[in-house]
Protein chains: 2
Amino acid sequence: MSMAKRIPAFVLRLIALGATITATVVMVTSHDSATVLNITFGAKYSDSPSLKYFVVINAIASGYGLIVLFLPTKCSLWRFVLVADLVIMALLDSSISAAAAIGYVGRKGNIHAGWLPICGQVPKFCDHASGAIISGIIATIIYFALLLHSLHNVINLLSVKA
Amino acid sequence: MSMAKRIPAFVLRLIALGATITATVVMVTSHDSATVLNITFGAKYSDSPSLKYFVVINAIASGYGLIVLFLPTKCSLWRFVLVADLVIMALLDSSISAAAAIGYVGRKGNIHAGWLPICGQVPKFCDHASGAIISGIIATIIYFALLLHSLHNVINLLSVKA
């Protein structure tokens with residue numbers, strides 16, 4: 001593939017790397033505390049298994065994104081990269097969905113289950129977490145676009161050679 | 001592609017269709033009620049946006065799975081099917097992750113947020129929902145396998161023709 005054709009994918013990967021690093025850092029640094037009835041309680045990402053999962057997956061995606069950026073241009077590993085992109089997209093997709101589901105309960109509560117919203121008490125925590133989730137969504141969309149781009153290239157090659 | 005080669009994929013699609021239909025039906029029919037302090041309350045899937053999302057996505061995946069089963073063998077739509085499989089896998093992945101995140105809070109609660117577990121009160125609801133989520137996970141794994149199978153075929157074709 002020509003160099004000119006590879007530049008858009010490189011830029012997309014760079015943006016995705018930035019997005020997953022941002023998601024990881026913003027989620028890890030999110031914390032807030034509130035005092036209710038003289039009891040101070042803190043909220044941080046590690047209080048929720050879903051948010052911990054979000055951080056772990058985004059950290060893995062960041063590591064992967066960094067490695068792929070430095071793969072040589074003419075590398076026979078592209079088949080591996082196609083499958084790895086698929087795995088990373090699926091993991092990111094899963095982590096943002098789990099985090100968003102919990103974030104929704106945090107913001108709106110669930111009256112049927114008796115779960116009260118907590119974002120009124122710890123708004124800084126919720127804003128950070130929301131920012132991290134949006135960053136994760138951007139990364140997931142980019143990996144999805146990269147997959148479509150790769151499939152398009154593979155299928156086009158087929159059409160030319162068929 | 002020969003007929004013999006297509007049979008495993010057909011069987012996988014059949015199982016995936018069964019799994020998404022099961023996930024939809026089991027989640028929709030899940031309900032239970034409990035009486036606490038003389039107040040009776042019911043639990044059903046539509047109480048949670050995440051579980052509603054789960055039902056909608058599994059229903060869409062069922063419809064898609066049914067259509068693809070009846071596509072003619074020699075059909076030029078296979079490129080569309082590859083991309084559609086990717087979209088369906090991503091949607092299923094997202095829906096099981098969101099439902100599982102909520103299901104986990106239902107079972108274990110979250111002491112930091114003050115959310116109490118509800119599965120002790122409505123065990124039948126929780127068992128149904130868990131069964132539906134497991135069925136959804138099976139469907140997601142099968143779509144992932146189908147994607148790998150398709151990619152393998154495409155890449156092999158490339159290798160032969162290159």
Side-chain angles (χ1 to χ4, degrees), chain A residues 36 41-44 46-51 53-54 57 78-79 82-83 86-87 89-106 108-119 121-122 140 143-144 147-148 150-162, chain B residues 36 41-44 46-51 53-54 57 78-79 82-83 86-87 89-106 108-119 121-122 140-141 143-144 147-148 150-152 154-162:
Chain A
V36 178
F41 67 96
K44 53 189 187 303
S46 56
D47 291 345
S48 159
S50 297
L51 301 188
Y53 175 61
F54 179 89
I57 297 300
W78 68 270
R79 291 170 197 195
L82 180 55
V83 175
L86 177 61
V87 172
M89 193 278 287
L91 288 174
L92 283 173
D93 186 25
S94 162
S95 78
I96 58 171
S97 303
I102 295 304
Y104 187 86
V105 177
K108 305 275 180 177
N110 187 313
I111 197 167
H112 308 283
W115 301 334
L116 295 175
I118 58 161
C119 286
Q121 275 81 50
V122 285
T140 311
Y143 274 104
F144 194 83
L147 276 170
L148 290 184
S150 301
L151 288 178
H152 179 76
N153 283 340
V154 168
I155 291 171
N156 261 11
L157 278 172
L158 268 184
S159 307
V160 169
K161 294 187 179 185
Chain B
V36 178
F41 67 97
K44 53 188 187 303
S46 55
D47 291 345
S48 159
S50 296
L51 301 188
Y53 175 59
F54 179 89
I57 296 299
W78 67 271
R79 292 169 196 193
L82 180 55
V83 173
L86 178 62
V87 172
M89 193 279 286
L91 288 174
L92 282 172
D93 186 25
S94 160
S95 78
I96 58 170
S97 304
I102 295 304
Y104 187 87
V105 177
K108 305 274 180 179
N110 188 314
I111 196 166
H112 307 284
W115 300 335
L116 295 174
I118 58 160
C119 286
Q121 276 80 50
V122 286
T140 311
I141 292 173
Y143 273 104
F144 193 84
L147 276 171
L148 291 184
S150 301
L151 287 179
H152 179 76
V154 168
I155 290 171
N156 262 10
L157 279 174
L158 266 185
S159 306
V160 170
K161 295 189 179 184

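Here is the naming used below: chain letters follow the sequence lines, and residue numbers restart at 1 for every chain.
Counting heavy-atom pairs under 4.5 Å between each of A:V87, A:V105, A:N110 and chain B puts A:V105 at the top. Put simply, of A:L86, A:V83, A:L82, the one with the most heavy-atom pairs under 4.5 Å next to chain B is A:L86. Ranked by heavy-atom pairs under 4.5 Å with chain B, the first of A:L116, A:I111, A:V122 is A:L116.
Distance check, rounded to the nearest 0.5 Å: NE2 of B:H152 to CZ of A:R79 gives 10.0 Å.
In this structure, chain B has heavy atoms under 4.5 Å from both the backbone and the side chain of A:A90. For A:L147, the part sitting under 4.5 Å from any heavy atom of chain B is the side chain, from C-beta outward, and nothing else. Only the side chain of A:I118 comes within less than 4.5 Å of a heavy atom in chain B; its backbone stays farther off. In this structure, the portion of A:F144 lying under 4.5 Å from any heavy atom of chain B is its side chain and not its backbone. Within the 4.5 angstrom heavy-atom criterion, atoms from both the backbone and the side chain of A:S48 approach chain B.
Listed for the A:D47 side chain is no donor-acceptor partner under 3.5 Å among the backbone atoms of B:A113.
At least one side-chain heavy atom of A:L151 sits under 4.5 Å from a side-chain heavy atom of B:L151. You'll find the side chain of B:Y104 reaches within 4.5 Å of the side chain of A:P49, heavy atoms only.
Under 3.5 Å, the side chains of A:S97 and B:S94 contain a donor-acceptor pair of N or O atoms.
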